[in-house]
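Below you'll find the structure, written out as structure tokens, and then a few comments.
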2 protein chains.
Amino acid sequence: MEPELIWMRPEVSGVGRPPSRSRAEITEAAVRLADRDGLAGVSMRHVAAELGTGAGSLYRYVDNRDDLLDLMADHVYAEFQLGEPSGDWLSDLVAHGLQAREIFRRHPWLAELVLTRPVVGPNGIDVTEHFLAVLADHPAADGDKMVAMAMLNSVVAAAAQAEASPADMLRSARYIAHVAAAGKHPHLAALDLAPDGGDPLPGALRRILAGLLAK
Amino acid sequence: MEPELIWMRPEVSGVGRPPSRSRAEITEAAVRLADRDGLAGVSMRHVAAELGTGAGSLYRYVDNRDDLLDLMADHVYAEFQLGEPSGDWLSDLVAHGLQAREIFRRHPWLAELVLTRPVVGPNGIDVTEHFLAVLADHPAADGDKMVAMAMLNSVVAAAAQAEASPADMLRSARYIAHVAAAGKHPHLAALDLAPDGGDPLPGALRRILAGLLAK
DNA sequence: CCTCGTTCGCGAACATCGTATGCGATGCAG
DNA sequence: CTGCATCGCATACGATGTTCGCGAACGAGG
């Protein structure tokens, strides 16, 4: 009956026997495990084993598995290096997106998490604040800025996911080639997606952000 | 050892006892169930029960649960009404996005699915072909068109998800208000997201697409 | 019409999962 | 030193995805 985000609930109760572990410790173990075995490997039992404790004990720190996933996503968001805005908001945001890709590369499980749920822990909030700070002098409406941030995240996450599971991409490409060969989808058959060398992401982010936040 | 999409695998084998059900029948049962109980309610056992059969029997039609989810997503994509391009690509794409929202509203489980995996079944392919047809005369690069399509999907799916689970939105908003009150996030505290009446999505889609596909 | 080969439907089984509960141990406040 | 709230843990429960083996069902070939 407490539908509050986990960060709204106090970690220590103050009275009674003090806990032997912390949320941070559990989160780190879960992240370590996800980095090694993927999101599916993050079961309550495995996390508990990683900490040398029992599965049920985790529920003293976390209401359910979703809480743990929230903690994990926000935890790795601490890896963002949030510098001072340079005055060139476009370059700053593109750099921010590239930084996000590095984090997604270090933690391949993060993309799926970010696409499904919003990251609104302390670190997620700091990232949002930084994003808004970069755009502080931009005339766009606040709503549009938030949309731009969400789309920057989505694009980078989607790119990271494609990068992380090339087998799935090939499967889709094989099927598309198959139906294109049938001849009933001329535009699809005429698709030319060959990258012209180099990293396509920076240019894509530039165009997307410039388009979205055009004056 | 057959890493092909389910639509590449033949449904009927031609020899031996013929199956008593079809992929379509199973997919419809799964969709019906998801509409009623959400994605979590779509378990192999429940789907089987809906069809009056055993859980193991489904594996004659589908390799695993993910295959079934692929089938479901593509199945509801048949609800798209793909008319002839009007010549005004922007209006056509906005209308397409609003149509997508209607589908997401009818099938609240679809948003999560679309955000996680690409929809590349027969109907998904048709939708893509239609999207490209609308943009046939547009000078943008093919890659940019595909990015635009992905982002249109993401935005609508995200909006639909927010619409479908207002409780989660309120939880996040409550937390954000809490940290904003602490005073260390001035830009966040100054956020003004009040909608100025009316449906904000059409305008947002217009701006996004116009920005993305600007000449 | 009968037989053969193959596939089907199904029930049982297996490993694993998230989660609830009860109990003895623990450590701080007074 | 005592009281007591909280802790850690073992156990248990229901449900999940998936595999396997069996007998029944069906179409094709003779």
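Note that these values count all heavy atoms, side chains included, but never hydrogens, waters or copies made by symmetry.
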When you compare the side chain of B:Arg60 with that of B:Pro19, does any pair of heavy atoms fall below 4.5 Å? no

Output all residues satisfying salt bridge (Lys or Arg N to Asp or Glu O under 4.0 Å) with A:Asp74, sequence neighbours left out; order by chain, then residue number. none

Listed partners of A:Arg101 passing side chain to side chain donor-acceptor pair (under 3.5 Å), at least two apart: A:Asp199

Looking at residues at least two apart in the chain, or sitting in another chain, which of them share a side chain to side chain donor-acceptor pair (under 3.5 Å) with B:Thr53? B:Ser57

Quick one: side chains of residues 183-195 of chain B, donor-acceptor pairs under 3.5 Å with protein atoms, not counting sequence neighbours, listed by atom name and distance.
residue	atom	partner	partner atom	Å
B:His185	NE2	A:Asp126	OD1	2.7
B:His187	ND1	A:Glu129	OE2	3.0
B:Asp192	OD1	B:Ala194	N	3.4

Do B:Leu205 and B:Leu93 have side chains that approach each other closer than 4.5 Å (heavy atoms only, starting at C-beta)? no

Classify B:Ser43 by what it touches in the nucleic acid, base, sugar-phosphate, or nothing, heavy-atom distance under 4.0 Å. sugar-phosphate

Can you list, by residue number, the residues of residues 19-37 of chain B that have a non-hydrogen atom closer than 4.0 angstrom to DNA chain C? B:Pro19, B:Ser20, B:Arg21

Spacing between A:Tyr61 atom OH and C:dG18 atom C1', to the nearest angstrom: 19 Å

So which pairs with a foot in residues 140-158 of chain B pass salt bridge (Lys or Arg N to Asp or Glu O under 4.0 Å), sequence neighbours left out? A:Arg207-B:Asp144

Both B:Ser13 and B:Thr53 contact DNA chain C. Which one's nearest nucleotide lies toward the 5' end? B:Ser13

Ignoring backbone atoms, test whether A:His46 places a side-chain nitrogen or oxygen under 4.0 Å from the OP1 or OP2 oxygen of C:dC17. yes

Each nucleotide in nucleotides 20-30 of chain C should get exactly one letter: B, S or -. Can you fill that in based on protein heavy atoms under 4.0 Å? B-B--BBS---

Non-neighbouring partners of B:Phe80 that pass ring pair (Phe, Tyr, Trp, His ring centres under 6.0 Å), sequence neighbours left out: B:Tyr77, B:His96

I'd like the 5' and 3' limits of the part of DNA chain D contacted by chain B, with heavy-atom contacts below 4.0 Å. D:dT16 to D:dC26

Atom pairs and distances, donor-acceptor, side-chain atoms in residues 156-163 of chain B, under 3.5 Å, two or more places apart:
residue	atom	partner	partner atom	Å
B:Glu163	OE1	B:Arg105	NE	2.8
B:Glu163	OE2	B:Arg105	NH2	2.8

Would you list the pairs meeting salt bridge (Lys or Arg N to Asp or Glu O under 4.0 Å) in which at least one residue belongs to residues 26-55 of chain A, sequence neighbours left out? A:Arg32-A:Glu50, A:Arg36-A:Glu50

The ring pair (Phe, Tyr, Trp, His ring centres under 6.0 Å) partners of B:His107 (sequence neighbours excluded) come to B:Trp109

In whole angstroms, how far is the P atom of C:dT7 from the CD atom of B:Glu11? 15 Å

